[in-house]
Amino acid sequence: MLPTFVIGLREGIEAALIVGIIAAYLRQRGRQDALRWVWLGVGLAASLCLLIGILLNLLERTLPQKEQEGLETIIAVVAIAFITYMILWMRRHSRGIKHTLEEDASSALARNTVTAFIAMSFFAVLREGFETAVFVLAVFQSANDPAAAGAGVILGLVVSAILGYLLYRGGVRINLNRFFKVTGVVLVIVAAGLASSALHTAHEAGWFNAVQTQALDLTWLVKPGTIRYALLSGMLGLQPRPTIGEVLIWLIYAIPLTLYVVWPAPKRQGSGSSGGSGKHKAVATSVSAVICILMLAGCGKGTEAESTGSGSAQTVAVSLTSAGCQPSDLTIHAGPTKFNVTNQDAAAVTEFEVLDGSKILGEVENITPGLSGSFSLNIKAGEYTLACPNGTSAAKGKLTVTSGGAAATEPDSNPVADTAVDTYRTYLEEQTDELITATTAFVNAVKAGNIEQAKQLYAPARAPYERVEPVAESFGDLDPEIDAREGDVPAEEWTGFHRIEKALWQDNSLDGMAPIADKLLTDVKDLHEKVESVEIDPSQIANGSVELLNEISHSKITGEEERYSHTDLDDFQANVDGSKAAFEAVKPILSEQDADLAAQIATRFDDVNTALDPYRDGDSFVSYSQLTDDDTRKLSQSIDALAEPLSQVAEQVVVAGQ
Amino acid sequence: MTRVSRRHFLGSLGAAGASLALTTGTVGFGQVENDVQAASAIVPFEGTHQAGIDTPAQERMFTAAFDLTTDRLDDVQAMLKNWTDAARRMCAGEPAGPVSGSPYLPPADTGEAIGLSPANLTVTVGFGPGFFERDGQDRFGLKAHRPEALIDLPAFASDELDPEHSGGDLIVQACADDAQVTFHAIHNLARIARGIAVIRWSQLGFGRTSSTSRTQETPRNLMGFKDGTNNIKTEDDDLMREQVWVGSSDQPAWMRGGTYMVARRIRMLIEVWDRSSLADQEQTFGRDKVTGAPLGQSGEFTMVDLDARDAKGNLVIPERAHIRLASHTTLNGVRILRRGYSFADGMDIRTGQLDTGLVFICFQREPAKQFVPMQRNLARDNLNEYIKHTGSGIYAIPPGVQPGGYWGQTLFEG
């Protein structure tokens, strides 16, 4: 609320000053009668700006999510440009305004037409009005409480109108210099916040993908849902988890401009005085200082992440004995390591594993007496466990890996893996974007009580969710809140898609569904937020592709997912699509390791999609209830045929990453 | 010609004879041993408690639920008396009814157990809620005697219950080490029941999926994991008294010495399980697949350390691992006696997948405080991705039969 109040106040005062100057001049010339045309001009300008603001807002609403973010970015950038210009320009030319205005007024008087007066005041105020509209719109967009923001601007305008009137009457004296300085600082900070969020929306729009690493975790300070959050994020544009780029841009904008605003102006007007160039020098220095400091910080971080290349590989010999692992206490250095495992005569012990906690990093199995086997790991410094199951006394052992020798490369400095993760993350974000758009449409139909339309919009809203469901499941409660079926949770806790599904198809009434619909939209937006910062690695992506097929086998193929609407085949297709997208993300890695497997899986995906063809109905599918047991059995078995080879991918992908 | 001395000859004759005697003696002794073993493959039918609960779990099971078609209590009582007589005989290795050999009568015993060892047969009978009231009607005048503990089970998260595999006015559980013997027992009881009760559902179980005695090795379920490591063992008298048997001051009086059975038909989506990675499988259960040891520990029977964390601070046994959620330490000390079996019943023709899984049978003193909270806790179980509950039933298991007594005597005459 405060930002919009300050904007309204400041712009309002500026406009009031302008009108005041014009009015004073006209009074001087004895032409008060022209004042009403001046007011009309102001009114027209104000209305036009309001109209532009409303149109921009409406335009935005019609756009799909991604394009919305794009428009928001543009508006924010324009607003920032305006305010920057205003701050810099205003300082230097504030004196000249009065002169210019009086000139304009006198030429209007000379022409002495109504139009001339209207035009003069219209254009005088227009810039202010346009700035206000754009700036308010920009702040509105990133505001948590649009109602408060709206109230703020109205309040600001009202107060400025009052103050302006009092100023004009001479009843009140304001130190305009200080007023503009203080409001200037506030606006700079707000603009910096806008710049930060513009970067964020640019990323959402897909325009800007660099420097997305999370720089700070400010969740301790900026906790969503608290008043502090409203203040800090509303005022300063602080996000709970700003990226490096967002922090950088905030600092680069805010620091120099704040300095510029608060720096005392030179006593004598005119550039060329030492004070002026000194100030410019100071601003330039501070800007460069800020940039340098940040670069250094960034560089330092970069060095750590860089790999120092591979060093000497080492080979470790391990024997399997009836006791277990021999030796059972190993110390090696970090880096590429080959474990050679042999079994002389231990009948019961045939397996060797290296574990990090409970996660198996590498293993060999079926090393029966007389056989040997090996595996390689690029191992980092730390403590690990050795496991030789069924050993009598050394079934578990200890592996200590010291740093020194070669530094192991960080797994995520593997460019192929990085690409896979980036590809899949982009897919996740696209799907959650689409989910928000489609769910919004669905929710609007539900709240409007439009049963037929809601039914049409139900399956399209579910599809993006079903494409990425395993990722949603990794966030704890979000999946049951969005996707639980009746009986999966206690009745009083049942929310989400299926609750509305039941209302639509079984109860035939949307009574009481408005809050459920609202919550669904909130949850879906929450998912979008969480997906942005979730950590994923290629083996998880590969596993996710199988999990999506398991979803089909568990509930879609039996019609248990969509008990009332019977739109299970739409979900089925979405699960398959999601599985395929995950597979495609890691396919480049797999193709290097096992091109045949990749080809086989691709063929099986085609088989599944072909198996679905008979049931297609336009963009959608026939009702699940129309399928016979034969039909569902064939579909189910085609999924099993695909999932088996697909379950081999995770391991290939892990091996490739080492 | 070599002169064999007399001493030599007698000596070798003696040696030969001795070894012959020894051999036959061993063989003969072995035979006796076999007979002794065969004779001792009998579990006493009578006692304070019914057999088949704290009996060390046999290898096979055949259980059937019956619905009463009569509305006369006398009929029911007569049937239960006949059942008791038949079961008493079958558990002793005898035919279900006296064999007359008359060609004009259908045989009193169906015959498939002739020549088979009793194989530790136990037959256990219980009463479902439907026995006491149906649709609110007090069918036999016994509604007032329905134990409070015999609740109607609530719905649970992984339920996909098929009425065809659920419920039943009466339950009969026959366990033995020989499948044919279990079938024979149910077969003959069903025959005796004709006209009074019909079979509602039946389930054959192969392979026990829990141990009820420390003398038994923990068996594996069809997912390949050792199942029932932390089960109550019958040697734990205190636990049996506290958690399983209805106590001497519990109500109703006719149930004292009995217990409550909950039976759940748990279908395993074995095709989905098969394509899950080893890590996923172990994290689902919380145990090592081969050894059965809790993750991060060694030894199957090591006490599970639910608080262990790895180097990154994550719980070693995941938050939603099965053994965590089912552990009595997570459930305020609540435990149940498990006595389940694996089943495989053809195909689910809708999906072309095997209809297979676990018949989960458990006994406890108060289902509302034991099974129900445990199953509710499992709503978040990782295992739920791979299973569905397709059948369910709860039954009051009355106390053991006394010499000359019959099943349900304490209810009818108590």
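Quick note: numbers below take in every heavy atom, side chains included, and nothing from hydrogens, waters or symmetry partners.
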Tell me, side chain or backbone of [X] under 4.5 Å from chain A's heavy atoms, or both, or neither?
X	result
B:Asn314	neither
B:Glu300	neither
B:Leu315	neither
B:Glu160	side chain

Pick from A:Lys396, A:Arg485, A:Glu560 with the largest number of heavy-atom pairs that fall under 4.5 Å of chain B: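 Of A:Lys396, A:Arg485, A:Glu560, A:Glu560 has the most heavy-atom pairs under 4.5 Å with chain B.
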
Option that, when pairs with chain B are counted at under 4.5 Å, heavy atom only, ranks first among A:Asn550, A:Thr632, A:Asp488: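 Looking at each option in turn, the highest pair count goes to A:Asn550.
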
May I have the step-by-step check of side chain to side chain donor-acceptor pair (under 3.5 Å) for A:Thr628 and B:Arg350, ending in yes or no? CA-CA 8 Å; A:Thr628 64; B:Arg350 287 176 310 173; over 6 Å; no

At a 4.5 Å cut-off on heavy atoms, which part of A:Ala395 comes close to chain B: side chain, backbone, both, or neither?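 Contact with chain B is absent: no heavy atom of A:Ala395 under 4.5 Å.
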
Measure A:Asp356 against the heavy atoms of chain B and call it side chain, backbone, both or neither at under 4.5 Å.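 Side chain only.
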
Specify which of B:Ile349, B:Asp310, B:Val272 makes the most heavy-atom pairs with chain A at under 4.5 Å.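 Most heavy-atom pairs within the cutoff with chain A belong to B:Ile349.
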
Point-to-point distance, once rounded to the nearest 0.5 Å, from CG of A:Asn543 to CG of B:Asp280: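 Interatomic distance, A:Asn543 CG to B:Asp280 CG, rounded to 0.5 Å: 5.5 Å.
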
Which value, rounded to the nearest 0.5 Å, describes the distance between A:Glu644 atom CD and B:Asp274 atom CG?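 That separation rounds to 6.5 Å.
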
